[in-house]
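Below: one structure, written as structure tokens.
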Protein chains: 4
Amino acid sequence: VISFANSYIFSGQALEIWGDSATLQRWLDVESTLARTQAELGLIPEDAARQIAACAQGANFDLKCLSDGIAVAQHPLVPVLKALVSLCGEPHGGWVHWGATTQNILDTAQALQIRATIDLLARLLDDVTTRLSALAAEHATTLQAGRTHGQHALPITFGFKVGGWLAELQRHRQRLRHLRGSACLVRMGGAVGTYAAMKGIGRKVEAGIAQHLGLSVPLVGGRSDCDPQAEYVAFLGMLAASCERIAQDVFFMQRTEVAEVEEHHYQGRAGSSTMAQKRNPQEAQRIMMLARLARSRVPVAFEAMVRQDEGDATLAHLLDFTLPEVSLFAASILQAMSGLMRTLRVRTDMMLRNLQAGGGLIMAEAVMMRLAERIGRDRAHQLVGGAATDCAGTGASFCEAVRRRAVQHGIEPAIVSDDLFDPANYLGEIPDVLSAVTVAG
Amino acid sequence: VISFANSYIFSGQALEIWGDSATLQRWLDVESTLARTQAELGLIPEDAARQIAACAQGANFDLKCLSDGIAVAQHPLVPVLKALVSLCGEPHGGWVHWGATTQNILDTAQALQIRATIDLLARLLDDVTTRLSALAAEHATTLQAGRTHGQHALPITFGFKVGGWLAELQRHRQRLRHLRGSACLVRMGGAVGTYAAMKGIGRKVEAGIAQHLGLSVPLVGGRSDCDPQAEYVAFLGMLAASCERIAQDVFFMQRTEVAEVEEHHYQGRAGSSTMAQKRNPQEAQRIMMLARLARSRVPVAFEAMVRQDEGDATLAHLLDFTLPEVSLFAASILQAMSGLMRTLRVRTDMMLRNLQAGGGLIMAEAVMMRLAERIGRDRAHQLVGGAATDCAGTGASFCEAVRRRAVQHGIEPAIVSDDLFDPANYLGEIPDVLSAVTVAG
Amino acid sequence: VISFANSYIFSGQALEIWGDSATLQRWLDVESTLARTQAELGLIPEDAARQIAACAQGANFDLKCLSDGIAVAQHPLVPVLKALVSLCGEPHGGWVHWGATTQNILDTAQALQIRATIDLLARLLDDVTTRLSALAAEHATTLQAGRTHGQHALPITFGFKVGGWLAELQRHRQRLRHLRGSACLVRMGGAVGTYAAMKGIGRKVEAGIAQHLGLSVPLVGGRSDCDPQAEYVAFLGMLAASCERIAQDVFFMQRTEVAEVEEHHYQGRAGSSTMAQKRNPQEAQRIMMLARLARSRVPVAFEAMVRQDEGDATLAHLLDFTLPEVSLFAASILQAMSGLMRTLRVRTDMMLRNLQAGGGLIMAEAVMMRLAERIGRDRAHQLVGGAATDCAGTGASFCEAVRRRAVQHGIEPAIVSDDLFDPANYLGEIPDVLSAVTVAG
Amino acid sequence: VISFANSYIFSGQALEIWGDSATLQRWLDVESTLARTQAELGLIPEDAARQIAACAQGANFDLKCLSDGIAVAQHPLVPVLKALVSLCGEPHGGWVHWGATTQNILDTAQALQIRATIDLLARLLDDVTTRLSALAAEHATTLQAGRTHGQHALPITFGFKVGGWLAELQRHRQRLRHLRGSACLVRMGGAVGTYAAMKGIGRKVEAGIAQHLGLSVPLVGGRSDCDPQAEYVAFLGMLAASCERIAQDVFFMQRTEVAEVEEHHYQGRAGSSTMAQKRNPQEAQRIMMLARLARSRVPVAFEAMVRQDEGDATLAHLLDFTLPEVSLFAASILQAMSGLMRTLRVRTDMMLRNLQAGGGLIMAEAVMMRLAERIGRDRAHQLVGGAATDCAGTGASFCEAVRRRAVQHGIEPAIVSDDLFDPANYLGEIPDVLSAVTVAG
């Protein structure tokens, strides 16, 4: 629940898109566009359409009063319609909501809100990827320990790590482009999706509204299929998971023992109410928290797909409740990510210190591959593994241990040359990968 | 997201327990009880404790102003503490929040809110079970078709169906009693749960606060274990699922083709904006919708258990966000259930019509058990199954078909007596079960 | 857990794709393709590649023995590699797994299994949509009650209902086409995705393998991004939800009180061990059960995206465990759906009976729209609603009630003509919708 | 899916409890106990009961053959019953499954399997807590950095950390005791829970079976309430989450940069197929992986509670599928945890090194509390925070910085005495907490 204590972590722009005023206005927009299109097609009088458009302004309505009416009617739209009809007066009010059912209006309005969210996410995502591209370029050659399963693995560069984050977000950027078309649909099929109350031109009305509002048209204007919205929520969940992954990496790199990056700590930002030394990774933690919230809503959206018959308020309302919050979480994540990345301090010195702390063990694969050319990969792996064991806990030199074992296999120690232990010599195709990722953006 | 269009479906009492004003006041209550207890134990001056108690009133604080301060500090409590310190003045303000960390205050305040919710749920649950007991008694002998896998199975009574709902809710009532103790804990271990800043009497302070606030004391006052809260959320999820089951039954029984019960349709309640004949099962649908929301939060609470080290804001905040909403959902479900059951109209005529519509096939087991005494259960099952197939789609009499086949097995037709086809004769131990359930309540 | 009692519900083809033998062979295929490609590019000797290809046949390996070795090594691939090296002999064995890491092999093999599953699903989905198209055409004009919120709403045809199912599955068919490219990726970046052990031609090796195996190439061959697989699982979840929706409709239509369709009940199919009359909707229930299993795995796949650093076995293994089962569930759902639809019996008589049982109330919208042209939609809605209330529970004629109220509004009763109460006259644009859906397939 | 490559991670004992042979035998046990009890109560002949008991041995059945029969019947139990009837011969076979329905047998058998799992978990949990108690005692005074939000917070001891894990597991131990009674229920109410086919003594039969099998008796022997099983699954999810938390801590403490503990690395355990130096935290990762699987099944069990009418195979089978796997996951987690803890190597030197690496900043609270007695907590917090900022990134001494700022506040530097910077002096009530936790076990 949003409260005085956490409201600052949410995207103001997303709150606006899904807020009460915006929702009411989108409903009214759909009603007036419905009337306009029906007038264009000769279904209702042009005067009525003009009057409806003139009255369908949120400023003419009292949200508190509507809310009270909704509580009595136990219906979200009927009190709004009654108020609109009354504003329009007779006979114009009599043409309001012609041939439509409540869910048509709510679903189409929601499509407008989804589209606005998609546009917001696209802007935020561009912002983040632009920043990550710059960071990847800046640190293309900044040495860092690559880690797998929490253990030093092979050397990488910090730019390469950022490039991995970036590539994943770029794929999401493409998915977002696709969704703008597929997830934003007019639904104007009437009570059961047959356009029965539109005198045979319901599909034309639907297409006309779609054109006016810039939305897509479904094959069937029904009320029981919401795979487009579910796909949108699934996307938000995946986007959240990707950001959570990045934030988790940033959280770890801020660990006291690691200290490779730092969030921006300005005067006035509080760490702890009792530990004055604390500089907590708050933005990273916030992203991880919001991402878990976003992910948790995906099963709800999928459940909401399993509707009964030609209409099912249980699940329609379930989706109505869930779409705003998951949209809000996703936008808030990207907003926080943008802030985090804009101000992240990179400690290249600590990256180097950590990389070097393992006494060269991180170069084991490089050494093995050199030896493998002589004795085969399998035996080389055993040899190097033995040498690593020789050193474990003894403080002995890994390089020396390898050379000693190499000799036992009849290999001259010089093969195990010093350059094998320089991380900068074992970065593989990082430059090419980074070029590819940057171009892809 | 709660909006003008759906706010009426939520429990006002739960909204109050978890609202901004209540949350702030609970924080202040914990701070003042901390001070009071520390004064009693000689850790801080009595004057300071009195002054803190006097100032720790929500009315002294401006929520908007606090919210702005929280946004700058990126910390939920520090701005509140600064305001409280300032209100207390020097030197008293200097003793505020003595030896505590932020999460201690938030967790303990939350325990108070959980307890208030448990008390609210208990009242609502008692209300529902009282109504269900009456309904079960009233319809103890009202015949109805028992159904399994969507097919008529055996006769039951409507009271028996209600008794099944009731028994499940009674088990939840017991769980709720247990949780009042186990889920409402003071947490005052300080920064890492060692009571380091309390001069050796931290556990005494914790125990004192527990006594003042009527909460329980944990073995360890840490910040990384929240299985008590997770258990509370799991309970709410189970309670929701049970109510969803009941609502689903009520929804089905309102199906046009079934029509065995009816929700209360008062003047002004809107069915559909376009279909004037509609009387929708809105309360049942609302309960099912809220229940899915409640269930969806259980995995979040379990995820929130997997905290890192001695404190983990990612997951603490995740739980802080989730507890209010899942509490709200649960209370709203029970409130709706109470309303639904108080006004539910039972159509005993339709129950009888539906029971009788199957031409006696629902009595197949009764017939089989009679024949089984002669030819064994297995062969009797085959005989009766064959007779049922004989009738399928032909409109032939099931009774006659059984008798015909019985004769083929050398059984006199009189064995298949008419009383076997009277549902009232095959209700088993329904009266005893109902007595047991009623007593258990 | 798959057991002797439920194994028949699972797709044999999917079990084969993901079974032990197939998994081992896919690992070996990837190893031998790696060697072949490296030989083509001059990285390893051609003789070695040929020998590896010759030995990399599942028949050369003992699964039980490998399994024991894996238990000791606590590693899935190392014992397989050791056996392969040994089979190849020296010196060829020394070139096995050159420059690769375990997860490269597992991920690429998995991509092959995902692709095989996608091909299987495509075949099954085509099967289902072909059948649904035929069913929609056959019942294009079969009258049925359209229902919303469990209540009769407007007339539809059974073909229209089927068309709605079909349109949703067609969108999934398109998604499946897209996934065949995006979700099936080679991953050959080595230990941390830098291709460090491939002497600068790692990306060429990766591209070569992709060409040989017909897979796609990622921008970065890393180990910590699995959004493609997560998207695949999300798709399976959505596909499952759509099938669950269809099965739920079919389940309801089989309700004793509804009886509009029937599953195929052959001799030997058991309904109940005790109720001989039972003909349960087993296929529909099975689909719903499997669909819930499939949906439940989506959050797991999304969780598996949040990997740490450059490699994370916790989550890689979590996905490795989950992909086979969710693939299996999805294929089993479509297989059951195919069987269900091929043999479904449609009871057009019962559809008509149910449609007519409501005394014409289902035509309320049609009546309202006629009156609306005279007195406006809003007043017409009230008029018709009042007439419906007049009839509720009294058995009075809805048509008469409407005419009576119409007169009170100064409307001649003849306006409420008899043709308004003929469902066949109020089917809207069903024919056009069905044409569009059929063409889309 | 369990495969040759991962089967070693699963508990053999749990696999046995839930395996095909055991499941079949439990079904047969319930059938024979049903017959025995009914004979005792005079409902069926004693001879029949004896014959049924004699024949109801798994060895008399062919699982493959049953499986084939089940595929044809599409029913899990009917083919088993047919085989049992045939084994018993006439007339005894005619008394098999008297008055019961399939789900009665399956549910009661499942209760036996749940109880066996609970007993297994209890043994494993005792094993783990015993080991943790010893570890806590051994390291009661081993200094370690306490961390919150990934940052050094306050000093603790490693024993205290272990004590926190232990306290959480002890609460689970108590929950497990409770579940042994509440989750293991006989269900013998027949087709719809009315005991209709038992001639009025169904509840006595049920009670008799409960006594014979050591199970509990429900108030209603229905088929649509499964909150006891859902509660069991919720418990397993919580237990898994607690173990995941512990494993996550152990994983972090094994990080290359932290190195405070080490898993047991024996000869033959493979780290990486390419990086010979790797010693991965495999047991910790396995626990975390299994725990996520276990947690993911909780929503499935809760969904399975929402059954329709008096019986619902969709959800009964969903639970039947889920209970074995979640039981298996939980037992495998505890088994791995037991192994992990028995062999964990604790690096007290590294704990001390990490604790001291922060230049005393970890003592900030201790310093603040000393100063707070002079200038109030709030001002002391600011003073110490300023001093921490003075040092950040400069390498300056924290102690000196504090003294410098203290003087500016008119406090003599001696107040900031050296003993304030000794972590051993600021461990709070760790000894008392550890005593309490140990006693509680």
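In this text the structure is predicted, and so the values were computed from the model without any measurement. So you know, we letter chains A, B, ... as the sequences are listed, proteins then strands, and number each from 1.
- To the nearest 0.5 Å, atoms CD1 (C:I156) and CD (A:E310) are separated by 3.5 Å.
- For the pair C:L427 and A:T194, the minimum side-chain heavy-atom distance is 4.5 Å or more.
- Considering only heavy-atom pairs separated by less than 4.5 Å from chain A, the leading option among C:A153, C:A197, C:G222 is C:A197.
- The residue among C:A167, C:G221, C:A191, C:S296 with the most heavy atom pairs within less than 4.5 Å of chain A is C:A191.
- No other option in A:F235, A:F302, A:Y195 has as many heavy-atom pairs under 4.5 Å with chain C as A:F302.
- Contacts with chain A were tallied for C:P155, C:A48, C:G202, C:P299; C:G202 has the most, counting heavy-atom pairs under 4.5 Å.
- No other option in C:G94, C:G190, C:A196 has as many heavy-atom pairs under 4.5 Å with chain A as C:A196.
- Counting only heavy atoms from C-beta outward, the side chains of A:Q170 and C:L219 approach each other to under 4.5 Å.
- Using a 4.5 Å cut-off between heavy atoms, C:R379 contacts chain A through its side chain alone, with no backbone atom that close.
- Using a 4.5 Å cut-off on side-chain heavy atoms (C-beta onward), A:R203 and C:V433 make contact.
- Looking only at side-chain heavy atoms (C-beta outward), C:V220 and A:F160 come within less than 4.5 Å of each other.
- Interface remark: C:V192 contributes backbone and side-chain atoms alike to the contact with chain A (heavy atom separation under 4.5 Å).
- Residues satisfying the salt bridge (Lys or Arg N to Asp or Glu O under 4.0 Å) criterion with C:E31, sequence neighbours excluded, are absent altogether.
- Using a 4.5 Å cut-off between heavy atoms, C:H92 makes no contact with chain A at all.
- Proximity to chain C involves both the backbone and the side chain of A:Q308, based on heavy atoms less than 4.5 angstrom apart.
- Note that CZ of A:R377 is 8.0 Å distant from CH2 of C:W98, once rounded to the nearest 0.5 Å.
- Proximity to chain A at a heavy-atom threshold of 4.5 Å picks out C:M369, C:A372, C:E373 from residues 368-375 of chain C, in numerical order.
- Here the OG1-CG distance, from C:T101 to A:L154, works out to 9.0 Å after rounding to the nearest 0.5 Å.
- With a 4.5 angstrom heavy-atom cutoff, A:E303 touches chain C via backbone and side-chain atoms both.
- From C:D378, atom CG reaches atom CH2 of A:W95 across 13.5 Å, with rounding to the nearest 0.5 Å.
- In this structure, the portion of C:F252 lying under 4.5 Å from any heavy atom of chain A is its side chain and not its backbone.
- With chain C as partner, the option from A:G164, A:G237, A:G150 having the largest number of non-hydrogen pairs under 4.5 angstrom is A:G237.
- Residue contact with chain A, scored on non-hydrogen atoms closer than 4.5 Å, involves the backbone of C:A145 exclusively.
- Among C:M198, C:H381, C:E90, C:M305, the residue with the largest count of heavy-atom pairs under 4.5 Å with chain A is C:M305.
- Salt bridge status for C:E231 with A:R171: absent, with no side-chain N to carboxylate O gap under 4.0 Å.
- Interatomic distance, A:D432 CG to C:I201 CD1, rounded to the nearest 0.5 Å: 12.5 Å.
- In terms of heavy-atom pairs under 4.5 angstrom with chain C, the leader among A:M288, A:R223, A:M253, A:Q151 is A:R223.
- Most heavy-atom pairs under 4.5 Å with chain C, from the set A:P91, A:A247, A:P218, A:G193: that is A:G193.
- Heavy-atom distances place no part of C:Q144 under 4.5 Å from chain A, backbone and side chain included.
- Annotation: side chain of A:R175 is in contact with side chain of C:D227 (closest heavy-atom distance under 4.5 Å).
- Partners of A:E260 by salt bridge (Lys or Arg N to Asp or Glu O under 4.0 Å), not counting sequence neighbours, listed by chain and number: A:R147.
- In terms of non-hydrogen atom pairs under 4.5 Å with chain C, the most contact-rich of A:K82, A:Q103, A:K199 is A:K199.
- How far CD of A:E206 is from CD of C:E429: 9.0 Å, rounded to the nearest 0.5 Å.
- For the set C:A380, C:A366, C:A234, C:A230, the count of heavy-atom pairs under 4.5 angstrom toward chain A peaks at C:A234.
- Between chain C and the residues A:L81, A:D312, A:T314, the largest count of heavy-atom pairs under 4.5 Å involves A:D312.
- Residue pairs meeting the side chain to side chain donor-acceptor pair (under 3.5 Å) criterion with at least one member in residues 239-253 of chain A, sequence neighbours excluded, are A:W165-A:D249, A:E168-A:S242, A:E168-A:R245, A:H172-A:S242, A:E244-A:R292, A:E244-A:R295.
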